[in-house]
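Before any comments, here is the structure.
When reading the values below, keep in mind they use all heavy atoms of this one structure, side chains included, and skip hydrogens, waters and symmetry mates.
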Amino acid sequence: MIAQHPERDQIRLENVLAALGNPIRLNIVRILAQRGEQACGTVGADLDATMSKSTLTHHWRVLRDSGVIWQRPAGRENLLSLRTEDLAERYPGLLASILGCEQESEKTSLAASAG
C-alpha cells in the first residue's frame, strides 16, 4: 500500500487542527517532535500497549492525510516523522505553539497535583 500525502499547498488548517484535536494524535506528534523519525511500532508501544493495531493505523492515517506527518515504508514497518518544515511554511508557529501549550498545560497539572 502506498501512502498518500497532501502536497504542501494542499495542507489545510482545519484538517491539521482536527487531527491534533485528538489527545492520542497530539501525543503522537509530541513523541515525534521530541525524538524525530520513529518506527510506528515504537510510537505505538509508547502510547498504550492495549491499543489495537487497527486503531493506531487509523490515527496514523488521520495525521498523514491532514499533512501533519510523513509515513514511509521501511522493511516490515513504517517510519513516521513530522512535516515540520511544511507546517512551518504553511502556518508559521502553529506546531510550536500547540506543543508549547501542551507543555504548559502539563506543568500546570503537575503543580496543581503537587500542591
Side-chain angles (χ1 to χ4, degrees):
M1 181 175 106
I2 299 174
Q4 299 296 316
H5 298 89
E7 297 294 327
R8 178 184 289 181
D9 62 344
Q10 296 173 325
I11 298 173
R12 299 181 51 102
L13 181 60
E14 59 271 23
N15 295 341
V16 171
L17 293 175
L20 296 178
N22 178 284
I24 293 169
R25 292 191 288 268
L26 186 58
N27 198 23
I28 292 167
V29 169
R30 183 185 54 76
I31 290 168
L32 294 175
Q34 290 174 349
R35 300 183 193 163
E37 186 174 62
Q38 297 286 304
C40 59
T42 303
V43 177
D46 289 342
L47 291 172
D48 183 357
T50 63
M51 196 176 305
S52 71
K53 287 184 180 181
S54 62
T55 299
L56 287 170
T57 299
H58 166 74
H59 290 302
W60 309 150
R61 183 183 53 77
V62 171
L63 289 167
R64 183 189 68 233
D65 291 350
S66 66
V68 175
I69 66 169
W70 290 112
Q71 185 176 7
R72 67 180 181 89
R76 295 179 56 120
E77 286 201 281
N78 286 310
L79 295 178
L80 309 173
S81 60
L82 283 179
R83 293 182 66 172
T84 309
E85 290 178 16
D86 290 337
L87 291 169
E89 178 71 26
R90 287 287 283 160
Y91 309 107
L94 176 70
L95 192 57
S97 178
I98 289 171
L99 292 173
C101 287
E102 182 191 33
Q103 289 173 354
E104 285 302 315
S105 176
E106 287 176 9
K107 287 178 189 175
T108 303
S109 295
L110 289 174
S113 64

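Residues meeting the side-chain contact (heavy atoms from CB on, under 4.5 Å) test with Ala18, sequence neighbours left out: none. Applying the side-chain contact (heavy atoms from CB on, under 4.5 Å) criterion to Asp86, with sequence neighbours excluded, gives Arg8, Ile11, Trp70, Arg83.
Applying the side-chain contact (heavy atoms from CB on, under 4.5 Å) test between Leu17 and each of Leu20, Asn15, Leu13 identifies Leu13 as the sole match.
Taken from CG in Leu82 to CD in Gln38, the straight-line distance is 10.5 Å, to the nearest 0.5 Å. To the nearest 0.5 angstrom, Arg12 atom CZ is 8.5 Å from Arg90 atom CZ.
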Which is it for His5 and Gln71 under the side-chain contact (heavy atoms from CB on, under 4.5 Å) test, yes or no, and what are the steps along the way? CA-CA 8 Å; His5 298 89; Gln71 185 176 7; 4.0 Å; yes
Decide side-chain contact (heavy atoms from CB on, under 4.5 Å) for Val68 and Arg25; before the verdict, give the C-alpha distance in whole Å, the side-chain angles of both, and the deciding distance to 0.1 Å. CA-CA 10 Å; Val68 175; Arg25 292 191 288 268; over 6 Å; no
Determine, step by step, whether Thr42 and Leu80 satisfy the side-chain contact (heavy atoms from CB on, under 4.5 Å) criterion, reporting the C-alpha distance in whole Å, the side-chain angles of both residues, the deciding distance to 0.1 Å, and the verdict. CA-CA 10 Å; Thr42 303; Leu80 309 173; over 6 Å; no
For a side-chain contact (heavy atoms from CB on, under 4.5 Å) check, start with the C-alpha distance between Val29 and Leu63, then their side-chain angles and the critical distance, and finish with the verdict. CA-CA 9 Å; Val29 169; Leu63 289 167; 4.0 Å; yes
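Ile28 and Val62 fall into different hydrophobic clusters, where Ile, Leu, Val, Met, Phe, Trp and Tyr residues are linked whenever their side-chain heavy atoms come under 4.5 Å apart, directly or through other members. Grouping the Ile, Leu, Val, Met, Phe, Trp and Tyr side chains by contacts below 4.5 angstrom, directly or via other members, places Leu95 with Leu26.
Sparse packing is recorded around CD of Glu85, with 12 or fewer heavy atoms of other residues, nucleotides or ligands lying under 6.0 Å away.
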